[in-house]
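Residue numbers run from 1 in the order of the sequence given. Read the numbers this way: they start at 1 and go in the same order the structure lists the ligands and their atoms. Both backbone and side-chain heavy atoms feed into the values below; hydrogens, waters and symmetry mates do not.
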Amino acid sequence: AKLQATRFPFRQPVCWRAVIGAPPSTRGGHVKLELVKGDITKVDADAIVNAANSSLLGGGGVDGAIHRAAGPELLAECRDLRGCPAGQAKLTKGYRLPARHVIHTVGPVWRGGNASEEAVLARCYKSVFALVEQHGLRSVAFPSISTGAYGFPIEKAAPIALREIHAALERLPRLEKVTVVLFSPGDLEVYQRALAAAPASN
Ligand code: ADP
């Protein structure tokens with residue numbers, strides 16, 4: 001497996017690893033942000049994030065994969081939540097997943113870029129991290145929200161995701177690890193390039 005590592009000039013000693021063809025690392029240490037290629041339903045974390053639709057009753061893509069792996073108890077808990085508007089997030093248990101919790105967030109549908117899509121996507125990440133903080137979670141894994149069926153261009157989504165993750169890592173001292181799980185090598189490359197191009201903070 002190819003392994004790439006580089007330092008990323010965060011104010012705190014945060015760096016990133018990208019593992020191609022290998023499962024996400026469970027090492028702690030100083031690695032706070034990881035970009036990996038893989039299947040988020042296999043990730044052991046305090047929470048994985050679901051790119052859900054506003055019904056929270058399951059769908060295709062990562063949503064379908066999470067519900068299949070978690071089992072029917074997840075759908076039962078989601079029914080009681082009575083949906084979720086775009087940009088907000090709700091937490092459930094993880095049931096049969098290796099992850100302890102699922103944070104369901106509803107991304108924006110891409111409508112050409114003039115319908116506040118970028119702001120709503122940023123709000124998804126902020127809403128997820130608000131729950132991470134509220135529940136004292138120490139590790140969280142994200143898929144690439146909105147860049148599948150919802151059509152948000154991944155080259156535009158990746159810098160927004162990384163900016164919000166960076167801000168959360170700086171703000172939440174208890175948060176030890178954020179993993180972005182990309183489903184294809186091409187998606188991973190887009191996030192790697194966005195991370196390399198991200199402005200250094202302070
Ligand atoms: P959205 O409706 O928010 O666009 P999708 O599930 O259609 O959500 O796509 C979001 C991203 O999740 C896409 O890049 C898709 O390839 C990816 N994806 C699909 N299944 C998985 C999985 N099991 N693990 C991680 N990512 C996945």
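Using a 4.5 Å cut-off on side-chain heavy atoms (C-beta onward), Val178 and Leu172 make no contact. Using a 4.5 Å cut-off on side-chain heavy atoms (C-beta onward), Phe142 and Thr105 make no contact.
Shortest contact from atom 4 (O) of ligand 1 to any protein heavy atom: Gly148 N, 2.9 Å. When hydrogens are left out, the protein atom nearest atom 22 (C) of ligand 1 is Phe183 CE1, 3.3 Å; that is the closest non-hydrogen contact. The protein heavy-atom contact nearest to atom 19 (C) of ligand 1 is Val62 N, 3.5 Å. In this structure, the protein non-hydrogen atom closest to atom 8 (O) of ligand 1 is Ala51 CB, 3.8 Å. Taking atom 24 (N) of ligand 1 as the reference point, the nearest protein heavy-atom neighbour is Ile40 N, 3.0 Å.
For the atom pair NE2 (His104) and CD1 (Ile48), the distance works out to 8.5 Å, reported to the nearest 0.5 Å. Going from atom CG of Asn50 over to atom CG of Leu74 covers 7.5 Å, rounded to the nearest 0.5 Å.
Atoms of ligand 1 lying under 4.0 Å from any heavy atom of Asp187, numbered from 1 in the order shown and given with element: 14 (O). Contact atoms of ligand 1 toward Ala65: 23 (N) (distance under 4.0 Å to a heavy atom of the residue). The contact set between ligand 1 and Ser144, taken as ligand atoms under 4.0 Å from a residue heavy atom, comprises 10 (C), 11 (C).
With hydrogens and angles ignored, the 3.5 Å screen pairs no side-chain donor or acceptor of Glu133 with any backbone N or O of Phe129. Judged by distance alone, with hydrogens and angles left aside, the side-chain atoms of Asn53 form a donor-acceptor pair with the main-chain N or O of Gly58 at under 3.5 Å. When atom types are taken as modelled, the side chain of Lys37 and the backbone of Asp187 share no donor-acceptor pair closer than 3.5 angstrom. Lys90 places a side-chain N or O within donor-acceptor distance of the main-chain N or O of Leu81, the cut-off being under 3.5 Å.
For the pair Tyr150 and ligand 1, the shortest N or O to N or O distance falls below 3.5 Å. Annotation: Asp39 places an N or O atom under 3.5 Å from an N or O atom of ligand 1; distance criterion only.
Put simply, part of Ser146 is less than 4.0 Å from ligand 1, judged by heavy atoms.
Using a 4.0 Å cut-off between heavy atoms, Ala149 contacts ligand 1 through both its backbone and its side chain.
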